[in-house]
Each structure stands twice: as structure tokens, then as C-alpha cells.
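What follows is a set of notes on a single structure, which appears directly below.
Reckoned from all heavy atoms, side chains included, excluding hydrogens, waters and symmetry mates.
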Amino acid sequence: MIVVGYRYYQNVRKEGDPPLPHPGDDDAEEGAQSPLRVVMYKGQRKSVLHIGGEIPKQEVLDFFKPVSQDLTRVKAPKAVPLVSNASFQKDVLADSQPGKPMVLLQMYEDTCFLCFLMRPFINSLGELLLENKAPFRLKRLNIEKNDFPDGCPVARGVAAELSARWHLALGASEALPHLPCFAVGMLLVRSGRMVEGQCGSCLELNALVVMPISHQEFKPKDLCEKITKVAMHLRDAFQKMDELQAMVPRRFQLFTQLVMWSVELQKLESPPQLNGHVTNRSRQHDSEFNSVLSRLMAKDMRRVDGLVDSIEFLQHQVDEV
């Protein structure tokens, strides 16, 4: 079965490569042929098939169906609405046509720590841009719960602790100066459409081609400065933006305290067994820490508050713990 429109690759194993586990190896008859291991990728998604006999055609077709988040089941602040795979054409490309504000799209992941850390900052920044009639609006696309839409550059994250998984392409129109790209997980879209470039897909903004770039450290202050360069009339609002970005380390500090105290409280409520090996106790501690961290991050990512309210809320939680 060949599905048109997809790329196929073969991974040839060499002598000395480590063995791959196969389901049912323990029950397989001696001399029986091992099933073919097929890995399917689409955007951020991955699935492994072990094909021994009949090809699971429907399973393959279902995997490559576009995945789109149901936005009716998710809360989002009015100043920073969510975009889905299904709504991208309408909410980003069509909504950034001449005569309308450009769209500053943040691509984020729920499990990305930096995306989590900046969540209320982005919300507060969106409110500030709206209040000051900026020439663009902030919107967000969850790339864990949506396939990359047609017309959207594909951005993949670097799996490094506290590193940005984001891209920014700031484009220029006749009225806007061209700015170099830098990685903050956003795309500024105006009359955007995808074209083919020498390096793959890129975004065309008013006939000005902006290529995706390599990852760099995320710096909120840089984002604020570049926003004021794009929209000169926002210079008066820069002080407020600067005050907001300076509060981000406080959110990090409070959340760290909350995680650590929550882990200690969990130990008091369920004392660990002390008769195990030191290594096992260390692994148990790491597991508890990661579990608490993931739970608190997931809970926070469902909130829609801005940075000031978020810091007040975290302070209250820390005091309670």
C-alpha cells in the first residue's frame, strides 16, 4: 500500500546494532520471520506499527488524518485567543489580510517548561497590545494538540532543560521596517501564505520571504524591544512591558518554592520506605518531584490569568503549603 503525498524512508540495520524489541517475541515460533517495524511521524506525533501479516491500512489512514483541538472545550483570555488546525486559515491567514491587524502567533506546548513559565506574561502582553491599539494581535496555537496547519511553518523544539521550543519570524510590510528573526515561538503574519524555498518551507509576508531559523535563548526583554521597533507608537507602553518581563523571574521563584514544598508535604503525608537501596530512594525522590512538577504545570496551564494575578495566586499557594 502506497499513500500518495507522504515520504518513505528505510532504516538499514548494520551488524553490531543493538537488538530491537518486538511484541510477541517470547511466543514467536523458532525460525519465524520478525514483523516489520514501521514508525509513522506527523508533526509532533509518532506511532509505531509492527506489521507481520496483513497491513493495517485503516490504522495508517487514521493516523494521518489532521488532528485539531476542540476550542469550545478550552478556556482562553479574550486578549489572546486560541487557534486550532481547523481554524488557522480563518483566524490567522484570513484575519491578517490588509485592513486588519496582523496576527502575532505563539506556537506552544503544554509540557514545555518555558511555555508554561511565560504563559501569564503572554496574556498580559496581549492585553497591553490590545489596550494600546497595536497593529497586531496575539494568538496561540498548541502544537501538542494540533497538527501543523497548512500554511504554517513547522517548528520543532529542542529537548533541552529550560530551552525555548519556539520560533519567531517578524516580517515587514511597506510601513514596517524589516527585523531579523529571533526565536521566541511566534510568527507575525500579514497576508501570509506558504511558498517553497531553498531551505524548505518558509513564510511569505507581502512578498518578503522569512525563513525559519535556528533556536536561541528566549529573552522576554528582546521581544518587548522588537515589538516597540515594529510599532513605534508603542514606545510609551514599553515601560509597562519592561515591568512585566522583569516580573517573570519572580513567577519562576514562587513556582519552584511551590513544587519543593509540595514534594516535602507529600513525603510527610506518605513517608517513604527507608529499607531500600540509596539509589532506589534517589529514584523515588526524582519520580515524586517529576510527578508534582507535571501536575502543577498542567493545572497552571489551564488558567487564563495575567502575570500580576498569577504571581499573587502562586504566593497564596506557597503560603498555604
Only pairs under 3.5 Å count here: list side-chain donor-acceptor contacts from residues 231-240, not counting sequence neighbours, and write none if there are none.
residue	atom	partner	partner atom	Å
His233	NE2	Asn132	O	3.2
His233	NE2	Lys133	O	3.3

Subject >> Stepwise side-chain contact (heavy atoms from CB on, under 4.5 Å) test for Gln266 and Val292 >> reply: CA-CA 9 Å; Gln266 186 170 287; Val292 171; 3.7 Å; yes

Subject >> Phe255 vs Phe116, ring pair (Phe, Tyr, Trp, His ring centres under 6.0 Å): CA-CA, chis, key distance, verdict >> reply: CA-CA 11 Å; Phe255 184 75; Phe116 147 79; 4.4 Å; yes

**OP:** Go through the steps to decide whether Phe88 and Leu105 satisfy the test side-chain contact (heavy atoms from CB on, under 4.5 Å), and finish with yes or no.
**Re:** CA-CA 10 Å; Phe88 182 83; Leu105 180 68; 3.7 Å; yes

**OP:** For side-chain contact (heavy atoms from CB on, under 4.5 Å), just list the numbers for Met301 and Tyr108, CA-CA rounded to whole Å, side-chain angles, deciding distance to a tenth of an Å, and then say yes or no.
**Re:** CA-CA 11 Å; Met301 288 298 282; Tyr108 74 100; 3.9 Å; yes

Original post:
Are Lys65 and Leu61 close enough, and set up right, to give a side-chain contact (heavy atoms from CB on, under 4.5 Å), and what steps lead you there?
Top reply: CA-CA 7 Å; Lys65 287 181 180 177; Leu61 295 175; 5.6 Å; no

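Not a single donor-acceptor pair under 3.5 Å links the side chain of Ser84 to the backbone N or O of Ser68. A donor-acceptor contact shorter than 3.5 Å is absent between the side chain of Ser87 and the backbone of Val83. Distance alone, capped at 3.5 Å, places no donor-acceptor pair between the Gln245 side chain and the Met241 backbone. The main-chain N or O of Asp150 is found under 3.5 Å from a side-chain atom of Gln89 such that the two form a donor-acceptor pair. Side-chain atoms of Ser294 never come within 3.5 Å of backbone atoms of Ser291 as a donor-acceptor pair (strictly under, hydrogens ignored). Under the 3.5 Å distance criterion, the side-chain polar atoms of Glu144 are matched with a main-chain donor or acceptor of Asp110.
To the nearest 0.5 Å, atoms CG (Leu293) and CE (Met260) are separated by 10.5 Å. The NZ atom of Lys267 lies 11.5 Å from the CG atom of Leu265; values are rounded to the nearest 0.5 Å. Atom CG in Leu244 sits 10.5 Å away from atom CD1 in Ile122 (nearest 0.5 Å). In this structure, the separation between CE on Met297 and SG on Cys112 is 7.0 Å, given to the nearest 0.5 Å. Between the NZ atom of Lys57 and the CG atom of Asp62 there is a distance of 12.0 Å, given to the nearest 0.5 Å. Atom OG1 of residue Thr228 and atom NZ of residue Lys226 lie 10.0 Å apart, to the nearest 0.5 angstrom.
Here Lys46 pairs with Val39, Tyr41, Val48 under the side chain to side chain contact (heavy atoms under 4.5 Å, CB included) rule; sequence neighbours left out. Looking at residues two or more places apart in sequence or on another chain, you find a side-chain hydrogen bond (donor to acceptor under 3.5 Å, both in side chains) between Asp147 and Lys42, Arg45. Every residue meeting the side chain to side chain contact (heavy atoms under 4.5 Å, CB included) condition with Asp319, not counting sequence neighbours, appears here in chain and number order: Gln315. Looking at residues two or more places apart in sequence or on another chain, you find a side chain to side chain contact (heavy atoms under 4.5 Å, CB included) between Gln253 and Arg250, Gln257. Evaluation of the side chain to side chain contact (heavy atoms under 4.5 Å, CB included) rule for Ser47 yields Met40, Phe63 as partners, not counting sequence neighbours. Evaluation of the salt bridge (Lys or Arg N to Asp or Glu O under 4.0 Å) rule for Asp91 yields no partner, not counting sequence neighbours. For Ser262, the side-chain hydrogen bond (donor to acceptor under 3.5 Å, both in side chains) test picks out no residue, with sequence neighbours left out. Remark: Glu54 pairs with no residue by the side-chain hydrogen bond (donor to acceptor under 3.5 Å, both in side chains) rule, at least two apart or across chains. Considering only residues two or more places apart in sequence or on other chains, Glu127 meets the side-chain hydrogen bond (donor to acceptor under 3.5 Å, both in side chains) condition with none of them.
A side chain to side chain donor-acceptor pair (under 3.5 Å) check over residues 299-310, counting only residues at least two apart or in different chains, returns the pairs Arg119-Asp300, Arg119-Asp305, Arg251-Asp300, Arg251-Ser310, Arg303-Asp305.
Between Phe148 and Ile143 the shortest heavy-atom distance is CE2-CG2, 3.6 Å. When all heavy atoms of Gly306 and Asn123 are compared, the pair lying nearest together is CA-CB, 4.3 Å. Smallest separation of non-hydrogen atoms from Phe136 and Val103: CB-N, 4.4 Å.
Met247 is connected to Leu258 through a chain of hydrophobic side-chain contacts under 4.5 Å among Ile, Leu, Val, Met, Phe, Trp and Tyr, so both are in one cluster. The hydrophobic cluster containing Leu104 does not contain Leu130, counting ILVMFWY residues as joined when their side-chain heavy atoms lie under 4.5 angstrom apart, directly or transitively. No continuous path of hydrophobic side-chain contacts links Val67 to Leu141 [ILVMFWY only; heavy atoms under 4.5 Å]. Hydrophobic cluster membership differs between Leu125 and Val304, with clusters built from Ile, Leu, Val, Met, Phe, Trp and Tyr side chains linked at under 4.5 angstrom. Under the 4.5 Å side-chain heavy-atom criterion for Ile, Leu, Val, Met, Phe, Trp and Tyr, Val60 and Ile51 are members of the same hydrophobic cluster.
In this structure, the side chains of Val80 and Pro77 come closer than 4.5 Å at one or more pairs of heavy atoms. Between His50 and Leu36 the shortest side-chain heavy-atom distance does not fall below 4.5 Å.
Residues His316 and Glu320 have side chains that bring a donor and an acceptor to within less than 3.5 angstrom of each other.
When the options Lys139, Arg137, Lys90 are evaluated for a salt bridge (charged side-chain N to carboxylate O under 4.0 Å, His left out) with Asp95, the one that passes is Lys139.
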